[in-house]
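Contents: one structure, followed by commentary.
The residues of the chain are indexed from 1 along the displayed sequence.
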Amino acid sequence: MTRLTAAVRALVTTLAALLAVSAASATATATSEPKAPKDFVALRSVDRTILQEMRYFTPHNFVGERIDGYREPLCILTRPAAEALHKAQRQLLPQGYSLKVYDCYRPQRAVDHFVRWAKDLEDQRMKGEFYPNVDKTRLFEDGYIAEKSGHSRGSTMDLTIVKLPAKPTRPYVPGEPLVPCFAPQGERFPDNSVDMGTGYDCFDTLSHTLDPRIQGEQRANRLLLKDTLEGLGFVNLAEEWWHFTFKPEAYPDTYFDFPVSAKSLVTSY
C-alpha cells in the first residue's frame, strides 16, 4: 500500500466517523423533543365547532413574528379544560354565538421568546397596535410580560365570542399600517369577534375585564363570556378580558415545553 493510498483511506475513515456522529446527534435531537402527558388533547378532538385563530402561529401579535414552539395553528389543552370549553360552547350556540380561541397551551420556549423580545428595546415594530400608550421598558413591571405563564400548565386559554354565522377575517400583512388596539371596532384590525372594547392582547388598562370605561354592548359582551365560563369552573384574569383558567388545574405547578403540534400528543385527532 502506498503512503498516498493509506492517507486517502484514513481521510475517508475520519469523514465516515464524523458523519456517523452527526447523524447520531440529529437522531438524538429528534427523539429528545418533549411530549405532552397523555391527558393533553387537541381541542378539535373534543369540540370541532369552536373556532380557532391561533395568533402566535402568525406574525399578527405583539412581537410581529411567529412565536417559538408553535409548529401548527392548534389549540392544545388538558382534557378537563377542553371538555369544560365544550360545555360552554353548548350553552352559547343556541344563543347564536360561538367561542373562538386565540391561544391555549403555550410552551415555555414561547414564553422565553416573549422575554427576549421584551428586553430588546429597539424592537418596537408592533407598538402602534398592541401597546401604543405603554413604554416598552415597563412591560415586566406592569405585568404584561413574565418569565412564566399559566398557559404552559395546559388549563389556561385566551378566547372571545363570535356572532354566528362567523364572518371571514382577512390575514394580517406584515408592514401594513397599525391601528391602536383600543380604537373603535370599525377602525382597528378586523376581527370577527363581538365588540369587546379592545382587540386581543391589547396592553392597556382598557383590557381590564371590568374597567368602568367599558359600558353598553361592549360590557355586555365581556360579561357574557365571563359569566358563561365562570359558571363552568373557569377563573378570569381581571387584567385581561380574554384570559381564563379552568380550575382545579391538572398541573398547577408544572410548566411544559413540548411544541404546539399534533406530534406532541399521545392521541391524534
Centres of the Tyr144 and Tyr131 rings: under 6.0 Å?
no
Is the count of non-hydrogen atoms from other residues, nucleotides or ligands lying under 6.0 Å from Arg79 atom CZ greater than 12?
no
Are more than 12 heavy atoms, taken from residues, nucleotides or ligands other than Lys35, located less than 6.0 Å from that residue's NZ atom?
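For Lys35, atom NZ is crowded (more than 12 foreign heavy atoms under 6.0 Å).
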Compare all side-chain heavy atoms of Ser152 with those of Arg109 and state whether any distance is below 4.5 angstrom.
no
Would you check if Leu206 and Arg213 make a side-chain contact, meaning some heavy-atom pair closer than 4.5 Å?
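Result yes, sub-4.5 Å side-chain heavy-atom pair found.
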Side chain to side chain donor-acceptor pair (under 3.5 Å) with Trp241: which of Thr160, Thr198, Asp211?
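Looking at Thr160, Thr198, Asp211, the match for Trp241 under the side chain to side chain donor-acceptor pair (under 3.5 Å) is Thr198.
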Taking all non-hydrogen atoms of both residues into account, name the closest pair between [X] and [Y] and its distance.
X      : Y      : value
Lys136 : Trp117 : NZ-O, 2.8 Å
Ile50  : Ser98  : CA-OG, 4.2 Å
Pro34  : Phe258 : O-CB, 3.2 Å

Just by modelled atom types, is the Pro190 backbone N or O under 3.5 Å from a matching donor or acceptor in the Gln185 side chain?
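No, the answer is negative, given that no donor and acceptor are paired below the 3.5 Å cut-off.
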Examine Arg66 relative to Phe57 and say whether NZ or CZ is less than 6.0 Å from the centre of the six-membered ring and inside a 45° cone about the ring axis.
yes
Does Tyr97 have Lys163 sitting over its ring (NZ/CZ under 6.0 Å from centre, angle to axis within 45°)?
yes
Any salt bridge linking Asp191 with Arg170? Criterion: basic side-chain nitrogen under 4.0 Å from a carboxylate oxygen.
no
Are a donor atom and an acceptor atom from the side chains of Thr49 and Arg90 found within less than 3.5 Å of each other?
yes
Output the distance between atom CD1 (Ile67) and atom CG (Asn61), rounded to the nearest 0.5 Å.
4.5 Å
